[in-house]
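Input: a single structure, listed below in structure tokens.
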There are 2 protein chains.
Amino acid sequence: MQNIDELIEEAQKQGYKITPQRREIFKILVNNDSHPKAEDIYNILKDRMPDVSLATVYNTLNMLKELGMIDAIALFEDDSVRYDPTTKAHDHLYCLHCNRIVDVEKDQDDLGFTEKEISGFQIVKRQVTYYGYCPECRDILKTT
Amino acid sequence: MQNIDELIEEAQKQGYKITPQRREIFKILVNNDSHPKAEDIYNILKDRMPDVSLATVYNTLNMLKELGMIDAIALFEDDSVRYDPTTKAHDHLYCLHCNRIVDVEKDQDDLGFTEKEISGFQIVKRQVTYYGYCPECRDILKTT
DNA sequence: AATCTAATTTATAATAATTATAAATAAAGA
DNA sequence: TCTTTATTTATAATTATTATAAATTAGATT
């Protein structure tokens, strides 16, 4: 999810209408590497469009998911879904203390990964998450 | 989570009391590779102990998680947590059609993985999930 | 074996994330 | 500008899980 104009063109081609709300959500997501949850996006959006509804955020996120423009990230220590506008294959680091998610490049071997077969499964996606403590939180936890 | 007697001993050592409900949940989980959700366990349990409460299942699962006897698996296409009594490092295959989870051995390189540092993160756990379609569902989807 | 105390169970309420609903609105094509 | 259909909004519903508080019980102590 790099270019808003291309994104809009693709969305329209698929029959989606482009509303000001959606346009604004696109802007929030483009080049966003904070892996926000729906509510994070809603909070930013509310400052710009005070009457916007949280349902619209979910609606738009689901639309972008269908278009393959964003990925959903599930975490076992966090009960809301986090969204990632970088759909190129990569792994994630999750800090169990501050809940931050950081991208990590995949091993070269896996970069070309698109579809593969394992144990008879037809694989469409691989998700790799490292759980641990980020540099800042390591320090904090060391002191306490 | 192989041996119930060892598990009980360890739980008691940590100050947990062993109730018939817990004993029965342990039995359900030992050598169980179906990656059940809390409600799956509750349904099996109810047949053996009709008055048991779902809260007890959650309570016991949380206890086992604290003891490191089971792992929780988060999936972005499934909204309940799945539990895995095999805590030895391994990956998962998840079928997007029937929601089955199948274990896959890890690459030899990763077998020794316990703790590692990436981008300054202190890693305590790695979770790898392949999303796709199991052999049975591939066939079903082919026909439709 | 009887007693005691803290942990556990139970039923139920609360919470939190997300989805569904339905009326009002607005995008975009004719 | 008109029309159709998707979208937005507010709100209710749903679902998984956690919290609460009274009743029960495991397991240590006597």
Side-chain angles (χ1 to χ4, degrees), chain A residues 4-5 7-26 28 35-43 45-46 48-67 70-83 99 101, chain B residues 4-5 7-26 28 35-43 45-46 48-67 70-83 99 101:
Chain A
I4 288 193
D5 293 333
L7 164 55
I8 288 175
E9 195 177 351
E10 178 62 21
Q12 281 178 325
K13 195 185 293 172
Q14 301 295 322
Y16 291 103
K17 292 181 177 172
I18 305 304
T19 63
Q21 291 89 335
R22 286 185 174 171
R23 222 177 268 274
E24 212 57 44
I25 293 170
F26 297 168
I28 291 171
H35 308 85
K37 52 181 85 172
E39 193 145 11
D40 296 333
I41 296 167
Y42 177 60
N43 287 331
L45 192 60
K46 254 194 316 193
R48 310 183 190 172
M49 311 184 109
D51 294 335
V52 80
S53 156
L54 178 57
T56 298
V57 175
Y58 276 106
N59 173 331
T60 303
L61 288 170
N62 286 333
M63 173 200 127
L64 290 170
K65 234 184 351 178
E66 295 227 329
L67 288 170
I70 58 174
D71 273 332
I73 309 169
L75 302 153
F76 78 97
E77 288 292 348
D78 201 331
D79 32 0
S80 34
V81 172
R82 308 279 293 258
Y83 293 94
N99 310 316
I101 297 177
Chain B
I4 289 193
D5 293 332
L7 163 56
I8 288 174
E9 195 179 352
E10 179 60 22
Q12 280 178 325
K13 195 185 294 174
Q14 301 295 324
Y16 292 103
K17 290 182 178 173
I18 305 305
T19 63
Q21 291 89 334
R22 289 187 171 169
R23 223 177 267 273
E24 211 57 43
I25 292 170
F26 297 167
I28 291 171
H35 307 85
K37 53 180 85 172
E39 193 144 11
D40 296 332
I41 295 166
Y42 177 59
N43 287 331
L45 192 60
K46 254 194 317 192
R48 309 183 190 173
M49 310 184 109
D51 294 336
V52 80
S53 158
L54 178 57
T56 299
V57 175
Y58 277 104
N59 172 331
T60 304
L61 288 170
N62 286 333
M63 171 199 128
L64 290 169
K65 233 183 353 178
E66 296 226 328
L67 287 171
I70 58 175
D71 273 332
I73 309 169
L75 302 153
F76 79 98
E77 288 292 348
D78 201 330
D79 31 358
S80 34
V81 173
R82 307 278 294 259
Y83 293 92
N99 312 316
I101 297 177

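A note on names: the letters A, B, ... follow the listed sequences, proteins ahead of strands, and every chain is numbered from 1. Only this structure's heavy atoms are used, side chains among them; waters, hydrogens and symmetry mates stay out.
- Looking at B:Lys17, its side chain has no donor and acceptor atom pair within 3.5 Å of the base of D:dT25.
- Applying the side chain to side chain contact (heavy atoms under 4.5 Å, CB included) test between B:Arg22 and each of B:Asn59, B:Val57, B:Thr56 identifies B:Asn59 as the sole match.
- Rounded to an integer number of Å, the gap from B:Tyr42 OH to C:dT10 P is 9 Å.
- Comparing D:dA16, C:dT9, D:dA10 against the side chain of B:Glu39 picks out D:dA16 as the nearest.
- Comparing D:dT17, D:dA26, C:dT10 against the side chain of B:Pro20 picks out D:dA26 as the nearest.
- As rounded to whole Å, 10 Å separates atom P of C:dT8 from atom CZ of B:Phe26.
- Rounded to an integer number of Å, the gap from B:Leu45 CG to C:dT9 C1' is 12 Å.
- Within 4.0 Å of B:Asn59, counting heavy atoms only, lies at least one base atom of the nucleic acid.
- The distance from atom CD of A:Glu66 to atom P of D:dA6 is 14 Å, rounded to the nearest whole Å.
- Contact annotation: the side chain of B:Leu64 approaches that of B:Leu7 to within less than 4.5 Å [non-hydrogen atoms, C-beta and beyond].
- In terms of phosphate contacts, B:Tyr58 brings no side-chain nitrogen or oxygen within less than 4.0 Å of OP1 or OP2 of D:dT18.
- Looking at A:Ile18 and A:Gln12, their side chains come closer than 4.5 Å, going by heavy atoms from C-beta outward.
- Taking only side-chain atoms of B:Ala38, from C-beta outward, the nucleotide of D:dT9, D:dT17, D:dG27 with the closest atom is D:dT17.
- Taking atom CG of B:Leu75 as the reference point, atom P of D:dA16 lies 14 Å away to the nearest angstrom.
- Between B:Arg22 and C:dT9 there is a side-chain N or O to OP1 or OP2 distance below 4.0 Å.
- Atom-to-atom, CE of A:Met49 to P of D:dT7 comes out at 15 Å; the value is rounded to the nearest Å.
- Among the heavy atoms of the strands lying under 4.0 Å from B:Thr19 are primed sugar atoms or P, OP1, OP2 only; no base atom is included.
- Residues A:Arg48 and A:Ile28 have side chains in contact (heavy-atom distance under 4.5 Å, counting atoms from C-beta outward).
- Here A:Ser53 does not reach the OP1 or OP2 of D:dT8: none of its side-chain N or O atoms lies under 4.0 Å away.
- Atoms CG (B:Leu61) and P (C:dT8) sit 14 Å apart, rounded to a whole Å.
- Closest to the B:Gln12 side chain, of the nucleotides D:dG27, C:dA28, C:dA11, is D:dG27.
- At D:dT9, one or more side-chain N or O atoms of A:Gln21 fall inside 4.0 Å of OP1 or OP2 (strictly under the cut-off).
- As rounded to whole Å, 12 Å separates atom P of D:dA16 from atom CG of B:Asn43.
- The side chain of A:Ser80 sits closest to C:dT18 out of C:dT18, D:dT17, C:dT9.
- The shortest distance between side-chain heavy atoms of B:Leu61 and B:Val81 does not fall below 4.5 Å.
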